[in-house]
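First the structure, in the form of structure tokens, and then the observations on it.
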Amino acid sequence: MSSPLPPVTSHFPPNPQFQGFMKPSGLEADAHNLEVIGTIPPSVSGTFYRVMPDPQFPPFIQNDPWFNGDGNISAFRIHPDGRVSFKQRYVRTEKFTREREAQRALLGKYRNKYTDAVEFAIRTTANTNVVHFNGKLLALKEDAPPYALDPDTLETIGLYDFDGQLPSLTFTAHPKFDPKTGEMLCFGYEAKGDGTPDVCYYRISAEGKLLETVWLVAPVVAMIHDFAVTENWVVFPIIPQVCDLDRLKAGGEHWQWSPETPFYIGVLPRRGGSAADVKWFRHPNSFPGHVANAYEDPSTGNLVVDLGLSASNVFFWWPDAQGNAPRPETIHSQLTRFTINPKSEDLEVTPDMVTALETTNSEFYRIDDRFAFQQHRHVFFDAMDPALGTDFGAIAPKLGGGYPLYNSLAHFDAQTGKTEVYFPGRTHMVQEPVFIPKKGSEVEGDGYLLALVNNYDTMGSELHLLDTTEGKFGECLAKVVLPVRLRHGLHGNWVDANNVKETK
């Protein structure tokens, strides 16, 4: 179960994922009254939480993936008077605390317990997403239960199993929240342990009570990073990155791209379903990315699912069995619409069921969450358009590696087909945005977009706030300059000030 301990090293490997802007920071800090260039509207009051993988010790696996680092939570609190404060703390997982005691890395390969130096009860790094639920922050990674944190102090409360109700060994990094009821919809894949085909779907009330559990068996043991929800259905897109237990036991990678495996799409009733009700639709081999939203067409009852889709393996650091992987610069993901009849007996996804909504190379889609599970008009996302004028020659030595790069933020209007673009500068790249609705407005998409931006000229991080009003999106409303460089993060969320109590 454990591997011999290699010699202690005090420096990170020379691999790109640990260099340049991707150099781990190891930072826990508090900063107040950050520099704000421009004006933050008084109605923008709350906290932007995000998480980044940030290893506290150099790994003993030299080519460790960049997102195998410890979960480090950032909280950017925006006060009604326009002041901005910053707090950052590591999630005190079992891995983090035991490695801190040992003063060295103990975890082996990404999601392969057979390569660890010691045996962990809960192996997670809690580094993929952070959500606010029932008064707590939940730090998430899809290989384990969440860790709970205090939303104000970021102090780790501990492993969170919903008071003993959690039915699965794993928990999604992308739970969905019903904006009408506050219900949280969840699932776990490899839900009975590494290499198992079991998927566990469950619903939890806004008060934290388990409402329903459905166990499924997937057609292949593979990654299900995100999923979609409508009023009456849930949809599971399976990425053809497959797991093999024998490969794990031999010290191999958890994931391997399988060009022979279809892109499966599981469809299950949202309420009252069973394993007998799930249908696994089949689309030709491709890589489904993050979900923007899903809803039901009222005229047909069909499911409309908008997500990113790439013809090639986006996770190029996990190649196929022959070692084949696309060059990062050739990967192109675009916002794609699937239209599926959930009652169809024909499970083949045909070309007429798939539409490219927006052809820009894009990912990390967000909507106005007040309209989740309903027909949406507005989608916000990261985009890469080399024609915008990024100075790749100047920033290339500073980029680091292991992350899909995006040089702009975009707003797609599904009603008009129009896309607006915000370009932050020739030496900048963007991270995942969050949408903030304008107080008092019930109009979908009427609000602000907030995103962390990498400045490779200063080697520092910035927050950029945009007004989503048509015609204003291309200009920065306010820029918050951070005194530190924050590594690429994965996901985050905005929490209104009314939902987080601040200690004085």
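What you are looking at is a predicted structure, and each value in this text was computed from that prediction instead of being measured. Below, all heavy atoms of this structure are taken into account, side chains as well, without hydrogens, waters or symmetry copies.
Heavy-atom contacts from other residues, nucleotides or ligands closer than 6.0 Å to CD of E348 number more than 12. Heavy-atom neighbours of K439 NZ from other residues, nucleotides or ligands within 6.0 Å: above the threshold of 12. The number of heavy atoms from other shown groups lying within 6.0 Å of CD (E329) is above 12.
For F364 and H290, the ring centers are positioned less than 6.0 Å apart. You'll find the ring centres of W255 and F315 outside the 6.0 Å limit. With ring centers used as reference points, W318 lies under 6.0 Å from F67. Centroid-to-centroid, the aromatic rings of Y365 and F412 stay 6.0 Å apart or farther. For an aromatic pair to be called close, the ring centres must be under 6.0 Å apart, and Y160 with F171 fails this. If you look at W317 and Y110, their ring centroids are not closer than 6.0 Å. In this structure, the ring of H283 has its center less than 6.0 angstrom from the ring center of F338. Between Y201 and F187, the distance separating the two ring centers is not shorter than 6.0 angstrom. Here the two rings, on Y422 and H411, have centers that are 6.0 Å apart or farther. Ring pair F162/Y202: centre-to-centre distance not below 6.0 Å.
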Check step by step if side chain to side chain donor-acceptor pair (under 3.5 Å) holds for N313 and Q241.
CA-CA 9 Å; N313 173 21; Q241 283 280 0; 2.9 Å; yes

Determine, stepwise, if the pair F177 / V229 fulfils side-chain contact (heavy atoms from CB on, under 4.5 Å).
CA-CA 9 Å; F177 295 89; V229 180; over 6 Å; no

Set out, in order, the CA-CA distance, both residues' side-chain angles and the distance that settles side-chain contact (heavy atoms from CB on, under 4.5 Å) for T355 and T339, then state yes or no.
CA-CA 8 Å; T355 305; T339 304; 5.7 Å; no

F473 and D467: CA distance, side-chain angles, deciding distance, side-chain contact (heavy atoms from CB on, under 4.5 Å) verdict:
CA-CA 5 Å; F473 187 80; D467 190 325; over 6 Å; no

So L452 and L463, side-chain contact (heavy atoms from CB on, under 4.5 Å) or not? Walk me through it.
CA-CA 5 Å; L452 197 63; L463 282 175; 3.8 Å; yes

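The pair R271-E212 fails the salt-bridge criterion, with no side-chain N (NZ, NE, NH1 or NH2) lying under 4.0 Å from an Asp/Glu carboxylate O. Checked for salt-bridge contact, K209 and E207 miss the test: no charged N lies under 4.0 Å from a carboxylate O. For K95 and D70, the salt-bridge test passes: some basic side-chain N is under 4.0 Å from an acidic carboxylate O.
Side chain of Q375 to main chain of Y295: no donor-acceptor pair is present (N/O by atom type, distance under 3.5 Å, no hydrogens or angles). Judged purely by atom type and a 3.5 angstrom limit, D382 has no side-chain atom pairing as donor or acceptor with the backbone of E363. Side-chain atoms of H332 come within 3.5 Å of backbone atoms of T359 as a donor-acceptor pair (strictly under, hydrogens ignored). Of the possible polar contacts, one joining the R247 side chain to the E253 backbone as a donor-acceptor pair under 3.5 Å is found. A donor-acceptor pair is defined here as one N or O able to donate and one able to accept, closer than 3.5 Å; no such pair exists between the side chain of N454 and the backbone of Q431. When atom types are taken as modelled, the side chain of K109 and the backbone of G251 share a donor-acceptor pair closer than 3.5 angstrom. Side-chain atoms of R487 come within 3.5 Å of backbone atoms of M22 as a donor-acceptor pair (strictly under, hydrogens ignored). Formation of a donor-acceptor pair under 3.5 Å by the K113 side chain with backbone atoms of F120 is not found in this model. A donor-acceptor pair under 3.5 Å links the side-chain atoms of H254 to the main chain of R111, judged by distance alone. Under the 3.5 Å distance criterion, the side-chain polar atoms of S168 are left unmatched by any main-chain donor or acceptor of G188.
The two residues T125 and N127 come nearest to each other via the heavy atoms OG1-ND2, 3.0 Å. Heavy-atom minimum distance, D446 versus S441: OD2-OG, 2.7 Å. Heavy atoms only, all atoms of each residue included: V267 and W233 are closest at CG1-CE3, 3.7 Å. Between M384 and T360 the shortest heavy-atom distance is O-CG2, 4.1 Å. Between S258 and V242 the shortest heavy-atom distance is CB-CG1, 3.9 Å. When every heavy atom of S274 is checked against every heavy atom of L268, the shortest pair comes out as O-CD1, 3.5 Å.
Here L449 contributes atom CG and L409 contributes atom CG; the two are 6.0 Å apart, rounded to the nearest 0.5 Å. Note that the SG atom of C243 and the OH atom of Y189 stand 9.0 Å from one another [nearest 0.5 Å]. For the atom pair CG of L140 and CG of L490, the computed distance is 11.5 Å after rounding to the nearest 0.5 Å. Atom CZ of residue R50 and atom CD1 of residue I73 lie 9.0 Å apart, to the nearest 0.5 angstrom. Taking OG from S205 and CG from L211, the interatomic distance works out to 5.0 Å, rounded to the nearest 0.5 Å. Note that CG of N361 and CZ of F381 are 10.0 Å apart. Values are rounded to the nearest 0.5 Å.
The shortest side-chain heavy-atom distance between H174 and V291 does not fall under the 4.5 Å cut-off. D116 places a side-chain heavy atom less than 4.5 Å from the side chain of L107. Put simply, the side chain of I367 does not reach to within 4.5 Å of the side chain of H378, judged on heavy atoms. Side-chain contact check for D178 versus R270: some heavy-atom pair is nearer than 4.5 Å. The shortest side-chain heavy-atom distance between D385 and V421 does not fall under the 4.5 Å cut-off. Looking at I331 and P404, their side chains never come closer than 4.5 Å, going by heavy atoms from C-beta outward. When side chains are defined from C-beta on, V131 does not count as touching H491, because their heavy atoms never get closer than 4.5 Å. Two residues are said to be in side-chain contact when any heavy atoms from C-beta on lie closer than 4.5 Å; P151 and T47 fail this criterion.
The side-chain contact (heavy atoms from CB on, under 4.5 Å) with F435 is formed by just one residue from the set N493, D368, L450, V379; it is D368.
There is no side-chain donor-acceptor pair under 3.5 Å between T124 and K141. Under 3.5 Å, the side chains of T469 and K438 contain a donor-acceptor pair of N or O atoms. In this model, no donor atom of one side chain and acceptor atom of the other lie less than 3.5 Å apart for N293 and Q374. Judged purely by distance below 3.5 Å, without hydrogens or angles, the side chains of D352 and T350 pair a donor atom with an acceptor atom. In this model, a donor atom of one side chain and an acceptor atom of the other lie less than 3.5 Å apart for T230 and E296.
Between Y403 and W66, the ring-plane angle classifies as perpendicular under the 30° and 60° cut-offs. Under the 30°/60° scheme for interplanar angles, the aromatic rings of F21 and H488 are found to be tilted.
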